[in-house]
Peer 1: 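Structure below; questions to follow.
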Protein chains: 2
Amino acid sequence: MSRVTIADVASAAGVSKTAVSFAFNSPERLGHATLERVLGVAHDLGYAPHPAARALSTRRSGTIGVLIPQRLSTVFANPFVSELIQGLGELCEEHDLALLLVPPLDGSLEAAIRHASVDGFISLGLSPHDRAVEVLDGIGIPTVLIDSDESSTHPVVNVDDRGGAQAAASHLLGLGHRQLAIVVLPPARAEMSYTPTATRRLAGYNAAIEAAGVPAPQSVTAGISVAAGMRAFESLPSGASRPTGVLVMSDMAAIGVMKAAQTAGMRVPGDLSVVGFDDLPLSAWTNPPLTTVRQPIVDKGRLAARMLIERMNGKSVGSPAPLSTTLIVRASTSEARNLDLPNDRR
Amino acid sequence: MSRVTIADVASAAGVSKTAVSFAFNSPERLGHATLERVLGVAHDLGYAPHPAARALSTRRSGTIGVLIPQRLSTVFANPFVSELIQGLGELCEEHDLALLLVPPLDGSLEAAIRHASVDGFISLGLSPHDRAVEVLDGIGIPTVLIDSDESSTHPVVNVDDRGGAQAAASHLLGLGHRQLAIVVLPPARAEMSYTPTATRRLAGYNAAIEAAGVPAPQSVTAGISVAAGMRAFESLPSGASRPTGVLVMSDMAAIGVMKAAQTAGMRVPGDLSVVGFDDLPLSAWTNPPLTTVRQPIVDKGRLAARMLIERMNGKSVGSPAPLSTTLIVRASTSEARNLDLPNDRR
DNA sequence: CCAACACGATAAACCGCTTTAGTAAAGCGG
DNA sequence: CCGCTTTACTAAAGCGGTTTATCGTGTTGG
């Protein structure tokens, strides 16, 4: 009843285990007759080499791992990850690799890493100094970091977060907004503070804002989900210091902000301009369509996978230049209304 | 420079390999002093058991596989899959499992299956008679089918597709629509025709339509994406036989249909009513918000994972009752206009 | 004082495959 | 007919863990 092994095939075909192995991996080393016979027997018996045994022998598992810093249910609520996987997937399929999603095991990402049988890792949003990344190095598994900080030891695939954020802020400022708020990305892991990405985007926002000589904006942290965006809106200051424009670091949260604003009776963009970040496909269908900063997520995944595969093949590769971001102006932003009425607007 | 093995730790700590193994797996079998020492040495050396070796020995990989019948880039363009993974992920994390995405390898799903080192498989949309599923059986890997046909050999997790579809069609018919069209799901694999799911939904639509004594609707097949939905709209009949309502088997395609209709100058729902299937989160934000059939996708994933894990633990489980679906009426459907000029209601 | 018995640690077999080194037979030129 | 190379196939040694059976040893009970 148990699995049929190479030895079973060998004895059934009257040859050695080696011959069976050769039949699959180096067919040219076998005589034509035996090759046929072995393959035939193997097929009849439904033989499939045990993947773990094969991996142990060849030191290759045919799998690359994706380090998921949080619970799968929260991470996959963000379409960003789907996009990324589309990119990774393309390269994986091209190279006959499977994709292993590695979430924290029993709360510990490090433990999960040790258990994962992969040829390489892709890390999402983790700093190069994160303990998980150090474990990776300790084991000596090739790794590529996405959305991280520059690192001398790992290739890092980034987009121009700072430039994109700056463009977003300039856009709002150009429309006459003076009272702004920022919705910041959540930390990748509980222990951390700002993610590398959040830090860069913040810098971009602030650069534009300071250059315009406008008061420093309030900032709120929100998870990457519509619900979190809604909560973020609630915690924005109201009254006189109410912002007329809000810069959100993710499209999902931006949609939440719009939704909450609308249910609070405000009009977007009439009463509140919102600009997101990512340009997810769905951001074009929202109501109103979201003004946002486009980053090439699929490309990012593709590029990261390509670099990882090269590293797995022994080539040493450096970090590529950050991919460019572009502001996509849709309908969630408009000129600030009655921006300096002598006394309170409303 | 190569990986540190259990033998390295053993000799560094002056004990046998067995002792090191015990230190991790049966700490109670070691004296307190040695236990501490071994763990200390292991930590200093950065030892991590080789996952493949461990898997070979224990016959457990700590991984469950998700059989992806198509390219990752097309499958993950559909938020349905993200939702499902959220459900699967919850259970996986609870049981300390990782999730392996297994797309066709070199075009062959069967080949991919053989290479995957997993303890169990979840199949998406494949018939129980699919060759891939047969390979699974041949190897003897526990498997749970999602969106499949009833099977005596495997647990199947389904929703009430037929009932949901019937409700959707009844909704349109109740609004006075007489000229309908159906947008059918694409085959899961190139070889197949209708998927089990598509067959059931079609039956549901038709049951309602026939009961209403309305002419049989046109049907078009469209992939699960906005772009495919747009193309589907294009290929709908125009002129006198133009449908006033369209039943779409996926929300993504439904959104595409709406979008294409709008860019063609039609108003939704004024000129065309559209009802989708799935109730993806984003379907609530579209313009107009989409009327659709809600299916509990996350629950589906959770349930499937739970059943698989039980099967992996040796318990034999049967198929659960189909999860229920409910029609969610939003704003993409309205009464049919001027349907027969003389006596039109409305 | 000796048999009985936990206790702590180990040697060796095993998991299922790949691969190196090697052997027997066949082919070949001289 | 002999040495030399090919060809076709195999034995056995890993790969890096786990696990079973065993073995000293210091403790006890009778």
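In the text below, chain A, chain B and the rest are named by the order of the sequence lines, each starting its count at 1. Here the structure is a predicted model, which means the values were calculated and not measured.
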Peer 1: What is the distance, to the nearest angstrom, from the CZ atom on A:Arg59 to the P atom on D:dG17?
Peer 2: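 It is 11 Å, rounded to the nearest whole Å.
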
Peer 1: What is the pairing partner of C:dG8, taking Watson-Crick or G-U wobble pairs with both distances under 3.5 Å in any strand?
Peer 2: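 Pairing partner: D:dC23.
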
Peer 1: Could you tell me if B:Ser127 and B:Asp149 have a donor-acceptor pair between their side chains, going purely by distance under 3.5 Å?
Peer 2: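 B:Ser127 and B:Asp149 do not have a side-chain donor-acceptor pair below 3.5 Å.
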
Peer 1: When the distance from NE2 of B:His115 to C1' of C:dC17 is rounded to whole Å, what number comes out?
Peer 2: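 Taking NE2 of B:His115 and C1' of C:dC17, I get 12 Å after rounding.
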
Peer 1: Any donor-acceptor pair under 3.5 Å linking the side-chain atoms of A:Thr153 with those of A:Ser151?
Peer 2: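 Yes.
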
Peer 1: In this structure, how many angstroms lie between the C1' atom of D:dC15 and the CG atom of B:Asp8, rounded?
Peer 2: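 Distance check: B:Asp8 CG to D:dC15 C1' gives 13 Å.
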
Peer 1: Counting only N and O atoms by type, is there a donor-acceptor contact under 3.5 Å from the side chain of A:His50 to the main-chain atoms of A:Ala52?
Peer 2: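 Here the side-chain-to-backbone pair exists.
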
Peer 1: Could you state the CG-C1' distance from B:Leu56 to C:dT18, rounded to the nearest angstrom?
Peer 2: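 Nearest whole value for this atom pair: 12 Å.
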
Peer 1: Within the structure shown, what part of the strands sits under 4.0 Å from B:Ser21 by heavy-atom distance: base, sugar-phosphate, or nothing?
Peer 2: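 B:Ser21: base contact, heavy atoms under 4.0 Å.
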
Peer 1: Can you tell me how far the OG atom of B:Ser123 sits from the CG atom of B:Leu136, to the nearest 0.5 Å?
Peer 2: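 Separation between the atoms: 7.5 Å.
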
Peer 1: Does a side chain donor of either A:His154 or A:Asp137 reach within less than 3.5 Å of an acceptor in the other side chain?
Peer 2: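 Short answer, yes.
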
Peer 1: Within the sub-3.5 Å range, which N or O atoms of nucleotides 7-9 of chain C have a protein N or O partner, and how far apart are they?
Peer 2:
| from | atom 1 | to | atom 2 | distance (Å) |
| --- | --- | --- | --- | --- |
| C:dA9 | OP1 | B:Thr34 | OG1 | 2.7 |
| C:dA9 | OP2 | B:Gly31 | N | 2.5 |
| C:dA9 | OP2 | B:Thr34 | OG1 | 2.7 |

Peer 1: Does A:Arg189 pair with A:Glu110 as a salt bridge, N-O distance under 4.0 Å?
Peer 2: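 Answer for the salt bridge query: yes.
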
Peer 1: When you measure from the side-chain N and O atoms of A:Arg3 to the phosphate of C:dG16, is any distance below 4.0 Å, counting only OP1 and OP2?
Peer 2: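 A:Arg3 to C:dG16 OP1/OP2: no side-chain N or O under 4.0 Å.
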
Peer 1: To the nearest Å, give me how far apart CZ (A:Arg114) and P (D:dG16) are.
Peer 2: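 Spelled out: CZ on A:Arg114 to P on D:dG16 is 17 Å.
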
Peer 1: Give the rounded distance in Å between these two atoms: NZ of A:Lys17 and C1' of C:dG16.
Peer 2: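 Result: 7 Å.
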
Peer 1: Can you check whether any acceptor in the base of D:dT19 is under 3.5 Å from a donor in the side chain of B:Thr18, or vice versa?
Peer 2: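 Between D:dT19 and B:Thr18, which were checked side chain against base, a qualifying N/O pair under 3.5 Å is present.
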
Peer 1: Which one, C:dG16, D:dG17, D:dT18, comes nearest to the side chain of B:Tyr47?
Peer 2: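 Given the options C:dG16, D:dG17, D:dT18, the side chain of B:Tyr47 is closest to D:dG17.
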
Peer 1: Could you list the donor-acceptor pairs under 3.5 angstrom formed between side-chain atoms of residues 23-33 of chain B and any protein atom two or more places apart in sequence or on another chain?
Peer 2:
| from | atom 1 | to | atom 2 | distance (Å) |
| --- | --- | --- | --- | --- |
| B:Asn25 | ND2 | B:Ser21 | O | 3.2 |
| B:Asn25 | ND2 | B:Ser21 | OG | 3.3 |

Peer 1: Just the rounded figure in Å: distance from P of D:dG16 to CZ of B:Phe24.
Peer 2: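 Distance check: B:Phe24 CZ to D:dG16 P gives 16 Å.
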
Peer 1: Report yes or no: is there a donor-acceptor pair, N or O only, under 3.5 Å between the side chain of B:Ser57 and the base of D:dG17?
Peer 2: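 Side chain to base: pair found, below 3.5 Å.
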
Peer 1: Pick base, sugar-phosphate or nothing for A:Ala48, based on heavy-atom distances below 4.0 Å to the nucleic acid.
Peer 2: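 Since only primed, P, OP1 and OP2 atoms lie under 4.0 Å of A:Ala48, the category is sugar-phosphate.
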
Peer 1: What is the separation between atom CZ on B:Arg60 and atom P on D:dG16, rounded to the nearest whole Å?
Peer 2: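 In whole Å, D:dG16 P and B:Arg60 CZ are 24 Å from each other.
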
Peer 1: Does C:dC1 pair with anything, Watson-Crick or G-U wobble, both distances under 3.5 Å, and if so, with which nucleotide?
Peer 2: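 The answer is D:dG30, by the H-bond criterion.
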
